[in-house]
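I have placed the structure first, in the form of structure tokens, so that the comments after it can refer back to it.
Numbers here simply count residues along the sequence, with the first being 1. Since the model is a prediction, treat every value here as computed from it, not as a measurement.
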Amino acid sequence: MGSRDVDTAQLQELFEPEKSVKNPFVPLGALATAGVLTAGLVSFRNGNYQLSQKLMRARVVTQGATVALMLGTALYYGKF
């Protein structure tokens with residue numbers, strides 16, 4: 001019974017509504033990264049290799065920006 005209470009508390013802490021309110025750009029960055037990745041894979045599948053390469057580079061940039069936002073938010077709020 002005690003272990004279940006700990007698991008519930010951890011889940012509630014993980015999914016607190018204020019976490020996404022603190023920095024709404026992180027979920028947007030994750031969506032942008034997924035969108036660029038999807039577009040790159042589609043263009044690769046269609047044979048447009050130059051566009052695919054540019055989109056994969058753009059994915060790296062958006063992914064890096066998202067990670068930087070996550071770290072910046074963690075440092076700003078003292079969680080890191």
Side-chain angles (χ1 to χ4, degrees):
M1 188 160 149
S3 175
R4 185 176 175 102
D5 292 337
V6 171
D7 292 340
T8 304
Q10 288 175 343
L11 283 174
Q12 286 176 345
E13 181 180 326
L14 183 64
F15 293 108
E16 286 179 7
E18 71 179 43
K19 287 188 185 275
S20 63
V21 173
K22 285 184 180 178
N23 194 345
F25 297 113
V26 172
L28 291 175
L31 285 173
T33 301
V36 172
L37 174 63
T38 302
L41 291 174
V42 168
S43 66
F44 182 77
R45 186 175 144 199
N46 291 337
N48 192 348
Y49 301 116
Q50 288 180 342
L51 179 61
S52 175
Q53 186 62 245
K54 287 180 184 179
L55 288 169
M56 288 301 117
R57 290 176 184 161
R59 179 200 52 88
V60 171
V61 171
T62 57
Q63 190 171 359
T66 303
V67 170
L69 279 170
M70 289 170 40
L71 288 174
T73 302
L75 289 172
Y76 181 77
Y77 287 106
K79 302 283 183 182
F80 186 66

Return the minimal non-hydrogen interatomic distance between S43 and L55, and the atom names on each side.
->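 The pair with the smallest heavy-atom distance is OG-CD1, 3.9 Å.
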Tell me, do V36 and M56 make a side-chain contact under 4.5 Å, heavy atoms counted?
->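 A side-chain contact under 4.5 Å is absent here.
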Rounded to the nearest 0.5 Å, how far apart are OG1 of T62 and CG of L28?
->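 It is 12.0 Å, given to the nearest 0.5 Å.
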Mind checking the CG-CG spacing from L41 to N46? Nearest 0.5 Å is all I need.
->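 Here the rounded value is 11.0 Å.
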Pair listing, side chain to side chain donor-acceptor pair (under 3.5 Å) test, anchored in residues 48-57, at least two apart |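 Sorted pair list comes back empty.
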